[in-house]
There are 2 protein chains.
Amino acid sequence: MSETAGGKHRQRSYVSALQVAERAGVSRSAVSRTFTEGASVSAATRKRVIEAAEALGYHVNHLARGLIQDRSNIVSLVATDLNTPYQAGLIHALTSRLQRAGKVAMVINTSGQTQSVEKALRQTLEYRADATVVLSGQPPGSLIQTCLTNGQHVIMLNRDDAVPGPDRLMVTNRAAAREAFLHLQAAGCRQIALVASEVGTASVVAREEAFVAAAAEAGTTVQVAHFGPTTYASGRALGRQMLARPQRPDGVFCVTDLLACGFMDAARSEFGLSIPDDLCVIGFDDIEQAGWSSFDLTTFRQPIDQIAARIISLLDEPPPPGTQREPIAFPAELIWRRSVRGTRR
Amino acid sequence: MSETAGGKHRQRSYVSALQVAERAGVSRSAVSRTFTEGASVSAATRKRVIEAAEALGYHVNHLARGLIQDRSNIVSLVATDLNTPYQAGLIHALTSRLQRAGKVAMVINTSGQTQSVEKALRQTLEYRADATVVLSGQPPGSLIQTCLTNGQHVIMLNRDDAVPGPDRLMVTNRAAAREAFLHLQAAGCRQIALVASEVGTASVVAREEAFVAAAAEAGTTVQVAHFGPTTYASGRALGRQMLARPQRPDGVFCVTDLLACGFMDAARSEFGLSIPDDLCVIGFDDIEQAGWSSFDLTTFRQPIDQIAARIISLLDEPPPPGTQREPIAFPAELIWRRSVRGTRR
DNA sequence: TCCAGCATTGCACCCGCGTGCAAATCTGTC
DNA sequence: GACAGATTTGCACGCGGGTGCAATGCTGGA
C-alpha cells in the first residue's frame, strides 16, 4: 500500500482514480464507470469502489473530465456593479439555481478597466465554460462573437446588441415606461420628468424613449435629465439640481430604483418636499429597498426568479446552429406602493 | 490543411494547440512554450505562433493546464445571502481583485438546503480550486476539513470555527461593540438595548457579548432581543415589538445595518419617533444604505476593500503545513453620522 | 450438457497540454 | 574555420479520466 515512488517526496494531495482502483482491487475503468452516470458496473463492484473512494477521500477531477467530454458544467456570469441590489439579486438567484442544477458559476466582474474585462472574458473561454450569461456591462462584441464561434451558449439579459447568435431575455421596458407616464398623469402631475443616468444601457434607453414617446402621444413634453452612473448618488444629484428649477417637477419616472431612492432623499432632505403630496415618484426594478417604508416606492418589478429559472432551463436547450431565436419577454409588473398619489387604477 | 478525419463530422469547436502548431509550421511544444511564462522560445517562432493563434482564435485550455500543474487558478468564494448589501460588496471587491490577479472566482451560494450546500462545496474540490474563501454561511466542518486535507488553502472571514488550519480574518467586533455602548451612554440614553437576529454567526455573537459585558462593567443592564434572520424585516419586527414595551428603548445597538434600517423604519413609521431625538441607533457594517440620508446611520465600517486586498495577498502566501497562523484583525472604524445625539467625542 | 445472449470487466487509446531530455541550431571566441 | 557553450527545438511521456472494443463471466433455455 505504501510504495515510496522514489526520492522525491510525493506531496500530491488529491487522490486519483488509480489509487481508488488499487484499494478496491478493480481496474481504473471500473472506478471511472462508477462515477459516470449510465455506465455499466455491477452493484458489487460499485459498492467496493464507493467504499474505497470514501475511505480515501476521492473526488472526481472535473478538470480532467471536462477535457474528455464536451461539457465542463461551468457557466460564467458576466456582470458589472455586483454590489448593486439588482445585480446582487440576479447573481444570488442564478448561483443558487445553477448549483441545484449541478452546474457551477464562474463570476466575471466587468466593473474594472476594459483591459481587465477582456482578460476576464477570455477566462470564460480558457476554462471552456459551457455558457456565458451576460447580465450587465458592455463586453466588446468581438469577444461575444468569439464565445459564439467557439460553440459557447451565450445568453444576454436586457441588452440588444446587434450580434446575432445569443439567446436574449428582456423585460417589457417600453410598455412599463408608457404605463409609468400614464400613472403620473392620472395622479395629476403637471411637470413630469424623466430621470436617468448617462449610461446607455439598452433597457435604460428603451425606458426613456418609450416614456418620452408616451408624453408626445399625450400631447405633452417631459423634462429629461441625465447624470453620471446609475447610482443613488446620481439620483440625489439630479434631485438637487432639478428640484431647484423654476418649473419644479412634481412627478418623475426614474429609470432605476436606485436613482429613485436618491431623488426622493434629495426631495425630502434638501427641499422638505413630501411624497407623494408634492412629488410623485416611480422607479424600476423593485429592489429590496423600494419596499422599505422610508421609500415605499411604486415601481416595476423585474421578475428575477422567473428570469433566473428561464436562464437555467435555456442551458438545457442548446441553440439551433444557424438560426436566431426570438427574444424572450418578461412582463414588468407594477408594484403599487405609496410614492404616487391615488390608488391602483 | 483540411483533412476530414473520417465519416463523423468533426464538430469540435475549440482550437487546439496542435492546429496552431500546424499552421505556424512548428511543433506543438513550441506553441505550448509560447503561452507558458518563462519557457524558452525564440522571438521568431513566438511571433509566428502568436499570429497563427490569433488567426485561428486559439485559447489555452486551462482545464488541461490545471491538470498538469498543481494550480488551477480557481478560487471559490463561499457565501450565503449574496443579495445582501454587505455580502454583495464583498463578492464585488473580491471578484474584481481576483481577476486583476489573473485568477478566476467560482461562487458557491450556501443559502439553499444543506444538501445542496454540501454538493456545491464538493464542487470546489472537484474543480481543484486552489483556495476556498468562506465569507458567510455555516459549511459543515467536515467539508472544510476535506478541503484542507486535499491541500486547499482555506480562508475564513469573521468566523471562528474550532477547526485548525484555515487562515482567519476578522474585524474587531468586541472593541466596536464596547464603543457602541459607551457612545449610547454618552448620548444620554437611559434604556439601552441590543438588537440581533437568531442566527448565531461568530461575529454577531461577539458583538452581542461584548455589548452586554460593557453594560455590566458600567453597572447597568441592557435589553436584549433576538428575532429571525439577519434582515431588514427582522429589524422592523423587533422595532415594532420592542418600542411598544413600557420601558421603551431610547438607544439601540443593532448588530447589523440591515437590522438597524428596519428598526429605524419601524420607529418612525409605526411610532412616529424622531431619530436621534427620541431614539439613538448604531449599526454595524456600513452598508451603502447606511449613508443614505433617509437613514444617516452611525455605524461601524467593515473595511471591505482592505479585507479583500488582504485575502488576495494571502493567496500568494500558502500556509505553512503544520502550524496555525494567528487571525488577522481589522479595526472596525466608527462612521459618525446623525442617528446618535451629540457629536463625535 | 451445451451454447446463445447479455451484463461486466479490463485494455488501450485519447482528450489538450506542460516539461525533461537529447538533438539540433546558433553564438562567440580563438 | 573550428569548437565549446548557450539557446532553441522536437520527441515522448504523463496529468486524470471517459469510452470503444474485445475478452470474460454469468444466465437461462433447449
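We name chains A, B, ... by the order of the sequence lines, and we start the count at 1 in each one. The shown structure was predicted, so the numbers you read here are calculated from the model rather than taken from an experiment.
Partners of A:S72 according to the side chain to side chain donor-acceptor pair (under 3.5 Å) rule, which considers only residues two or more places apart in sequence or in another chain, are A:D130. Looking at residues two or more places apart in sequence or on another chain, you find a side chain to side chain donor-acceptor pair (under 3.5 Å) between A:S136 and A:T80, A:Q87. Looking at residues two or more places apart in sequence or on another chain, you find no side chain to side chain donor-acceptor pair (under 3.5 Å) involving A:T149. In this structure A:R325 satisfies the side chain to side chain donor-acceptor pair (under 3.5 Å) test together with A:D167, sequence neighbours excluded. With sequence neighbours left out, B:S29 forms a side-chain contact (heavy atoms from CB on, under 4.5 Å) with B:S27, B:R33. Take A:L18 and apply the side-chain contact (heavy atoms from CB on, under 4.5 Å) test, not counting sequence neighbours, and it matches A:S16, A:E22, A:R28. Remark: B:N150 engages A:Y14, A:H59, B:L125, B:T146 in a side-chain contact (heavy atoms from CB on, under 4.5 Å) (not counting sequence neighbours).
Separating the CD atom of B:E126 from the P atom of D:dG17 is a distance of 11 Å, rounded to the nearest angstrom. When rounded to the nearest whole Å, the span between CZ of B:R28 and C1' of C:dC14 equals 13 Å. Between the C1' atom of C:dG16 and the CG atom of A:L125 lies a distance of 16 Å, rounded to the nearest Å. Between the CD1 atom of A:I68 and the P atom of D:dG18 there is a distance of 7 Å, rounded to whole Å. Spacing between atom CG of A:L67 and atom P of D:dT19 amounts to 13 Å, rounded to whole angstrom units. Residue A:E22 contributes atom CD, which lies 12 Å from atom P of D:dG16 at whole-angstrom precision. Atom CZ in B:R71 sits about 19 Å away from atom P in C:dC17, given to the nearest Å. One atom, CG of B:N150, and another, C1' of D:dG16, lie 14 Å apart when rounded to the nearest Å.
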Could you list all N or O pairs between the protein and nucleotides 6-9 of chain C that sit under 3.5 Å apart?
unit_1: C:dT9; atom_1: OP1; unit_2: A:S42; atom_2: OG; d: 3.0
unit_1: C:dT9; atom_1: OP1; unit_2: A:T45; atom_2: OG1; d: 3.3
unit_1: C:dT9; atom_1: OP2; unit_2: A:S42; atom_2: N; d: 3.0
unit_1: C:dT9; atom_1: OP2; unit_2: A:T45; atom_2: OG1; d: 3.0

Quick one: side chains of residues 306-314 of chain A, donor-acceptor pairs under 3.5 Å with protein atoms, not counting sequence neighbours, listed by atom name and distance.
unit_1: A:R310; atom_1: NH1; unit_2: A:S313; atom_2: OG; d: 2.8
unit_1: A:S313; atom_1: OG; unit_2: A:R310; atom_2: O; d: 2.9

Contacts under 3.5 angstrom, residues 35-46 of chain A side chains, donor-acceptor by atom type, not counting sequence neighbours:
unit_1: A:T36; atom_1: OG1; unit_2: A:S32; atom_2: O; d: 2.7
unit_1: A:S42; atom_1: OG; unit_2: A:T45; atom_2: N; d: 3.3
unit_1: A:S42; atom_1: OG; unit_2: A:T45; atom_2: OG1; d: 3.1
unit_1: A:T45; atom_1: OG1; unit_2: A:S42; atom_2: O; d: 3.2
unit_1: A:R46; atom_1: NH2; unit_2: A:T34; atom_2: O; d: 3.2

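Considering only the side chain of B:S29, D:dG10 comes nearest among C:dG18, C:dA12, D:dG10.
No side-chain donor-acceptor contact under 3.5 Å links B:Q152 to the backbone of B:A131. Judged by distance alone, the side chain of A:D81 and the main-chain N or O of A:T84 form no donor-acceptor pair under 3.5 Å.
Contacts of residues 51-66 of chain A with DNA chain C (heavy atom under 4.0 Å): none.
Residue-level contact check: A:S32 touches the bases, meaning some heavy atom is under 4.0 Å from a base atom. B:S16 comes within 4.0 angstrom of the backbone, heavy atoms only, and of no base.
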The dot-bracket string of DNA chain C, counting Watson-Crick and G-U wobble pairs with both distances under 3.5 Å, using [ ] for crossing pairs and | for pairs to another strand, is ||||||||||||||||||||||||||||||

